[in-house]
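Chain A is the first sequence line, chain B the second, and so forth, proteins listed ahead of strands; every chain is numbered from 1.
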Protein chains: 2
Amino acid sequence: MQLSRARIISAAVDLIEREGVEAVSMRRIAALLDCGVMSLYNHVPSKAALLDDVAERVISGIEFTAMPGASWEEQVRAQARAFRAIARKYPRSTMLVVSRPTASLTGLRPIENALATLREAGCGGSEAVLIVRAFIAFIMGSLLREVGVTPGLREDERGGEAIMAAAAPDPAEFPQVTSLATELSRRDPDGDFEFGLDLLVHAIAALLPATPAA
Amino acid sequence: MQLSRARIISAAVDLIEREGVEAVSMRRIAALLDCGVMSLYNHVPSKAALLDDVAERVISGIEFTAMPGASWEEQVRAQARAFRAIARKYPRSTMLVVSRPTASLTGLRPIENALATLREAGCGGSEAVLIVRAFIAFIMGSLLREVGVTPGLREDERGGEAIMAAAAPDPAEFPQVTSLATELSRRDPDGDFEFGLDLLVHAIAALLPATPAA
DNA sequence: ACCTGAACACCGTTCAAGT
DNA sequence: ACCTGAACACCGTTCAAGT
């Protein structure tokens, strides 16, 4: 099959998901594609650019299902969940999305959608921008936490948090952490995400004019 | 001067802040410390472990000033700001903090403080954990955005957002992004952070029992 | 236009040898 | 106990040569 930028990106994504970002090298990818290393450079300017492309590929995979009749709360939630879904689909590539600033247009789609939803709910322009930024920060941070275990490929603490793994903290110095150890080591990304989403949605509701479209 | 783990970490932090994470190599650090590369391995097990140490060093630099009389709102805000302050002090090392799961005890200090503040405000245990997680997600995401420009060492879009840099988006496809272009390209990390902090603090206030310690 | 091997200037880390 | 040079198995990328 013909070499192409798209095919190279796909190979990179596959490799990342299988062995982690650290395993990516131009030579490994070339081997996967059965071509010489330098052939890659006919389609991709550099490894850094390739990783940017991977991030963009992942982002462009976000699937927004339009919800015409739904309230803005439901729409915002749905958009946030759609974004977070990439962490499920491409757990190890997500770190790339989160750590590289997306300079392309694909990253604008989620922002456009969120802004539209908020403005339709009666939100002012600059306020909508601030809200979207806060949401993105929360979502990105959630992805980080969720995916943070994976990239180091240390699978040792499967169920619990890395935090409690090393050594038990001194109860005198860390009374709260000690007494809440069970809660802290419980791993429930969905629950955590939904809780944070609730917080933000409620806070936004308090900002908006009451029932603007009713 | 004698070689030591602490000195190696310091050299790594300096190098990162000066030239970025990508510039770090065991050989460069050895050169900075005027020793053979392999001498480093007497004090640090691997490069990955060294980068973990760097993250820990940065986190341990967070300075919490106790605020005995203040309301929980003010305390939570102060703690969040203290955490974010590391992005000011060590902009390029921050990416490391954010991308590596901290397995050590130093990372527990901020969590302990936040939990204590919330519980004192009348918050239930499991609720406090969820709130702290939401806060951390937001803070981490904010750090990412703030620092995301730096590590790629592309200083080309100093003032504006990377988003708008490449090409103007199609107004028909991105009406909101187009009409809010000015707002979106405005760069104000402090304002963004404070706005998000406000959202979260207000949402939490709605969850807590009214004036618990009054 | 696309492919490619050789070569260059780097990596992290193992190992055996030094003190 | 700490240091170290040589060596190994890798890197990304330039360049000149092929088709």
Q) With both distances under 3.5 angstrom, what nucleotide forms a Watson-Crick or G-U wobble pair with C/dC15? A) D/dG5

Q. Can you tell which of A/Thr117, A/Asn113, A/Thr65 makes a side chain to side chain donor-acceptor pair (under 3.5 Å) with A/Gln79?
A. A/Thr117

**Q.** Ion pair check, A/Arg92 and A/Glu19, cut-off under 4.0 Å
**A.** no

Q: Respond yes when some side-chain nitrogen or oxygen of B/His43 is under 4.0 Å from OP1 or OP2 of D/dA1, and no when none is.
A: no

Q. What are the residues of residues 3-13 of chain A, sorted by number, that bring a heavy atom to within less than 4.0 Å of DNA chain D?
A. none

**Q.** Basic-acidic side-chain contact under 4.0 Å: B/Arg77, B/Glu194
**A.** no

Q. Is any side-chain N of the basic residue among B/Arg81 and B/Asp190 closer than 4.0 Å to the acidic one's carboxylate O?
A. no

Q: Please name the residue in the list A/Arg186, A/Arg84, A/Arg145 that meets the salt bridge (charged side-chain N to carboxylate O under 4.0 Å, His left out) test with A/Asp192.
A: A/Arg186

**Q.** Base versus backbone protein contacts along nucleotides 7-19 of chain D [heavy-atom cut-off under 4.0 Å; B, S, -]
**A.** B---BBBBB----

Q.
So, using salt bridge (Lys or Arg N to Asp or Glu O under 4.0 Å) as the criterion, who are the partners of B/Arg7 when residues are at least two apart?
A. none

Q.
Side-chain N or O of A/Gln2 versus OP1/OP2 of C/dC3: is the shortest distance under 4.0 Å?
A. yes

(Q) Both conditions, 6.0 Å and 45 degrees, for the charged tip of A/Arg57 above the ring of A/Tyr90: are they met here? (A) no

Q: Decide if the gap between the ring center of B/Phe83 and the ring center of B/Phe64 is smaller than 6.0 angstrom.
A: no

